[in-house]
Novice: 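Got a structure here, written out as structure tokens. Questions coming.
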Amino acid sequence: MKVRLKVKRHDPEAHGGQASRYSDYTIDVPEHITILDALLEVRDYHDGSLAFRYSCRSAICGSCGMRVDGRGRLTCKTKVTDLVKTEGQEILVEPMGNMPVIKDLVTDMEMYWSKMDQVTPWLQPADPGPERENLVSHEAMLDLAQTMGCIHCGVCVSDCPVLEIDKSFIAPAALAKAHRFVDDPRDAKTKERLEELSAVKGGIWDCTRCNMCVEVCPKDVRPMDRIMQLRELAVKAGVASGTGARHGEAFVDSVQRLGRLDEMRLLPASVGLWNAPRLLSEMPGALRMLRAGKLPWNHALPWRKPIAGIKHVRRLFDRARREKKEASS
Amino acid sequence: MTVIKHDVLVIGAGLAGMRAAIEAARNGADVAMVTKLHPMRSHSGAAQGGINAALDEEDSWEAHAFDTVKGSDYLADQDAAEILAREAADNIIELERMGTAFSRQENGRIQQRPFGGAGFARTCFIGDITGQAILHVIYEQILKLGVTVYEEYYCTSLIVEDGVARGVVALPMMTGNLTPVQGSAIVMATGGLGRVYSPTSNALACTGDGMAIAYRAGAPLQDMEFMQFHPTTLKDSGVLMTEGARGEGGYLLNKDGERFMEKYAPNKIELASRDVVSRAEQTEIDEGRGVDGCVLLDVRHLGEEKINERLGQIRDLAKDLANTDIVYEPVKVRPGAHYAMGGIKTDVHGASPVPGLFAAGECANVSVHGANRLGGNSLLETIVFGRRAGEAAARYAKEHASPQPLSESVLQRDQALMSSLMERSHRGDGGDRPAVIRGELGEMMHHQVGIFRSREGLASALEKVRELEKRYQSVRLEDTGKVFNMDLITVHELGFMLDIAHTMISGALAREESRGAHTRRDFPERDDEHWLKHTLAYDTPEGPRLEYGPVTITNWQPEVRTY
Ligand SMILES: Cc1cc2nc3c(=O)[nH]c(=O)nc-3n(C[C@H](O)[C@H](O)[C@H](O)COP(=O)(O)OP(=O)(O)OC[C@H]3O[C@@H](n4cnc5c(N)ncnc54)[C@H](O)[C@@H]3O)c2cc1C
Ligand code: SF4
Ligand code: SF4
Ligand code: FES
């Protein structure tokens, strides 16, 4: 079949000339091929100057993350026919977002890797350990295996909206990695890890739960769900102090009152209404989120009414409280 | 000239390289890794099925060693196979304690699955992402130890002065400026060469670089004619369907729905060793009992739950790349080029005959796999012999540290090559694009140096590779930039591939017998009297010069092999 690709180019060595442009390619390829195969075909037979990363072509090495048709994707796992619905439809290929571009589709992942370093990315076992292997349940290991399935492609980081406005956010992949250690029965530093993840700037409380990382992840790591589990564990462990916990309370308050998230109020409520410096520092981000339609400002207007079914929501809250009381008495 | 300098340099950051680096660091050496891919992108991550060790009380390392030697068709050095099997358990336990999430039994101990050619279920695994799970844990240890990693540095050659290895030349892909990297000991750990074939289960980066680099520097390559064809690779892409699929109970069927392996290996059936299964499949296909040039791998009877837990990755791969959901239908598979038994000759400490040069992992040949490797033994080899090479390299570096700087001319040869490539492209003349030569090479290797071989086929292959070498002299580069020039890397890798292919063809043409994965139609029997010996290939301007060396036999005299 004929495939049309529009590829964003970036030439770091362009002197004076235009560093960024688009190249169009039309290639003739078998039906079953992936976007990566198509790019390799271009590189091999049409334009040898096109640069991109690749290796395994089987969705395991994490080299080939790109933005395709506006969304982060692993190109060796995306078939051309997944995207092309009508004959002659063009596929737009760009480098991943939230990272500087080195050349064409190759991004600088330094930031990605440095975020990993922030979560003490190795097991911290009890000392001394057992003589042979640790005796742990099969289920515990299976759980780990799903988070460990992360191939560090960077696609979730590319598309995470928080990172667009706050570079300090540890971001989905590294937080999922953190979860992998918190969730490991062999790790002896669970509480310390949770404390750190909760207190640190850009930690678990900064995710806006937009679900983007879950949607784009090619390996079903579900980073957002991991972050939510970390929040829960942090609260349970009693280490969710400061911004985080306040954020949680504000969250509950908002849902109870309005039946929805009041993002405009959430921010002042979580950092503290009188914490002017922090509030100011968040302003540019908040404004950009507003512009991008990520902050539903009209929800915050004082005359906004609660949602229609607010009664039910409140009833749910009452019931949860009752049950909790009963359970603890 | 700025020179980077460390005690021990490890070239390649797959499992073998990282395990070597960890051990060298533990032994007090200042270690650095030079790698063309980020460590976590290494092809070790693609290993699916598992890693072997005799852990069960009823199993024994001796039984593991025997299975390995038998699997090798008696070409393995038995002292090395014994070390591999004996040191396996401790190394696996260590991996577990570093954090590897091995699948468990009810009692919490590591679970094991049966694998081809093994007399006991001794393959430890993490679903079907064993390689990735171990690779990530080993990399975590590299971070913990703070080992220096020169990432996306493509190594082009070894620096040898007065017969001693003293460093490497590398091309940092970010800048494109060739750089000398000095080290008192160098450990080559660059992995496999599968890309010499088309199709193959190997990653696009598996181009045999380290083998060719060592070969060009005077080190002999051993047993290069032995290439493993994995019985279950996908039709179009060559992507692997793990042996674990059969280990868990999957069937191989021909077009009549017959479990044909019952004819070829009545005892082990689908779990005979890989050379046996691949030959059987090819025979079925050649005799008209295949489907679309393939046979069928059927795991439906295992049920969705087990498939998701144990074979989840290959379910996804078959869906994505072959449009088949293995829960509901059998998937078409065929034998595909998979693993290089041959490599840089080393002793059991990873030392090559070139002083200062060590090697470990798939690019090395100790030799534990002989003429045919057992599944689950090569991940084990990377760990056991990576560790040994790292330790020996650290010791060597301590004893042989030299204050003498590298000579000013170390970059000359590589620089000359790069400039001639660039100039040719600027002038606009030049011959084939690398993909054309690579395509013809892969096809030729597949047909003439594949599962079944013959003198005529190999002779024509020899002629062809010489022709391709000549055409390579005027290969055409299109990207003339410095920054991240993937076109240049591809062209350079192709040079390595041609050298490697040449040694494989020469070795295969000379070896007039059938042993393990090397099957000559014109010499169908194993011939211990004349050929129970290792092939050693040395680089000369006319192509490889072959010599032969003895095989170490300790406990097991060669016998006829049946499964
Ligand atoms: C699909 C597949 C599945 C497999 N499954 C199993 C299994 O289940 N069990 C088992 O035991 N074995 C398995 N194997 C085999 C096993 O995975 C490999 O033999 C082993 O992982 C090789 O490890 P390595 O460290 O030697 O090389 P690799 O992991 O390939 O690492 C090579 C390293 O060298 C670097 N490098 C290469 N060239 C250069 C250069 N010029 N300059 C700088 N750096 C360079 C690369 O960047 C990389 O870091 C499988 C193989 C494949 C292909
Ligand atoms: S859910 Fe959270 S971590 Fe994931 S993309 Fe959205 S903001 Fe980022
Ligand atoms: S979590 Fe998913 S998307 Fe993010 S880096 Fe890992 S594999 Fe890629
Ligand atoms: S090429 Fe390895 S993940 Fe796509």
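Chain naming here is simple, since letters A, B, ... match the order of the sequence lines and numbering starts at 1 in each.
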Novice: Examine whether an atom of A:Thr34 lies under 4.5 Å from a heavy atom of chain B, and if so say whether it belongs to the side chain, the backbone or both; otherwise answer neither.
Specialist: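 Interface part for A:Thr34: side chain.
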Novice: Counting only heavy atoms closer than 4.5 Å, note whether A:Glu131 contacts chain B via side chain, backbone, both or neither.
Specialist: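 Backbone of A:Glu131 only, per the 4.5 Å heavy-atom cut-off to chain B.
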Novice: Using non-hydrogen atoms and a 4.5 Å limit, figure out which bit of A:Leu40 sits close to chain B: side chain, backbone, both or neither.
Specialist: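 For A:Leu40, the side chain is the part near chain B, not the backbone.
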Novice: Do any N or O atoms from the side chain of B:Glu493 and from the backbone of B:Thr207 form a donor-acceptor pair under 3.5 angstrom?
Specialist: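 Absent.
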Novice: When you compare the side chain of B:Arg97 with that of A:Pro125, does any pair of heavy atoms fall below 4.5 Å?
Specialist: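 A:Pro125 vs B:Arg97: side chains apart.
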Novice: Counting only non-hydrogen atoms closer than 4.5 Å, does A:His152 touch chain B with its backbone (N, CA, C, O), its side chain (CB onward), both, or neither?
Specialist: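 Answer is both: backbone and side chain atoms of A:His152 are under 4.5 Å from chain B.
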Novice: Please determine, among A:Ile151, A:Val106, A:Asn134, A:Leu144, the option with the most heavy-atom pairs under 4.5 Å with chain B.
Specialist: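 It is A:Asn134.
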Novice: With a 4.5 Å limit on heavy-atom distance, are the side chains of A:Asp187 and A:Gln124 in contact?
Specialist: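 Yes - at least one pair of side-chain heavy atoms lies under 4.5 Å apart.
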Novice: With a 4.5 Å cut-off on heavy-atom pairs, point out which of A:Ser137, A:Ala59, A:Cys61 contacts chain B the most.
Specialist: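 Among A:Ser137, A:Ala59, A:Cys61, the one with the most close pairs to chain B is A:Cys61.
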Novice: So for A:Val136, is it side chain, backbone, both, or neither that comes closer than 4.5 Å to the heavy atoms of chain B?
Specialist: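 Its backbone and side chain both get close to chain B.
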Novice: Do the charged groups of B:Arg41 and B:Glu151 touch, with an N to O distance under 4.0 Å?
Specialist: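 No, this pair does not count.
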Novice: Is A:Asp117 salt-bridged to A:Lys115, going by a charged N under 4.0 Å from an acidic O?
Specialist: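 No, this pair does not count.
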Novice: Within a strict 4.5 Å, meaning less than it, do heavy atoms of the B:Leu171 and B:Asn485 side chains meet?
Specialist: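 No, side chains not in contact.
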Novice: With only heavy atoms counted, which part of A:Pro121 is less than 4.5 Å from chain B, the side chain, the backbone, both or neither?
Specialist: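 For A:Pro121, backbone and side chain are both near chain B.
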Novice: For each of B:Glu309, B:Met98, B:Gln141, tally heavy-atom pairs with chain A at distances under 4.5 Å, and name the one with the top tally.
Specialist: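 Highest number of pairs under 4.5 Å: B:Glu309.
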Novice: Which bit of A:Phe181 is near chain B, if near means a heavy-atom gap under 4.5 Å: side chain, backbone, both or neither?
Specialist: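 Side chain of A:Phe181 only, per the 4.5 Å heavy-atom cut-off to chain B.
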Novice: Show your working on salt bridge (Lys or Arg N to Asp or Glu O under 4.0 Å) between B:Arg438 and B:Asp432 and close with a plain yes or no.
Specialist: CA-CA 10 Å; B:Arg438 199 174 57 229; B:Asp432 299 293; over 6 Å; no
Novice: Against chain B, label A:Asp37 side chain, backbone, both or neither, depending on which of its atoms sit under 4.5 Å from a heavy atom there.
Specialist: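 No part of it gets close to chain B.
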Novice: Would you mind checking if B:Lys36 and B:Asp209 are paired as a salt bridge, meaning a charged N to carboxylate O distance below 4.0 Å?
Specialist: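 Between B:Lys36 and B:Asp209 there is a salt bridge, with a charged N closer than 4.0 Å to a carboxylate O.
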Novice: Side chain, backbone, both or neither: which part of A:Arg186 has a non-hydrogen atom closer than 4.5 Å to chain B?
Specialist: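 Answer is side chain: those atoms of A:Arg186 sit under 4.5 Å from chain B.
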Novice: Who among A:Lys77, A:Glu139, A:Met109 has the most heavy-atom pairs with chain B under 4.5 Å?
Specialist: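 Looking at each option in turn, the highest pair count goes to A:Lys77.
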Novice: Please classify the contact between A:Ser58 and chain B as side chain, backbone, both or neither, with a heavy-atom cut-off of under 4.5 Å.
Specialist: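 Its backbone and side chain both get close to chain B.
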Novice: Using non-hydrogen atoms only, which part of A:Glu13 is less than 4.5 Å away from chain B: side chain, backbone, both, or neither?
Specialist: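 Side chain only.
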Novice: Do the ring planes of A:Trp113 and B:His38 sit parallel (below 30°), tilted (30 to 60°) or perpendicular (above 60°)?
Specialist: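 If you compare the ring of A:Trp113 with that of B:His38, the planes turn out parallel.
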Novice: Does a donor on one side chain and an acceptor on the other come within less than 3.5 Å for A:Arg9 and A:Ser49?
Specialist: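 Side chains of A:Arg9 and A:Ser49: pair found under 3.5 Å.
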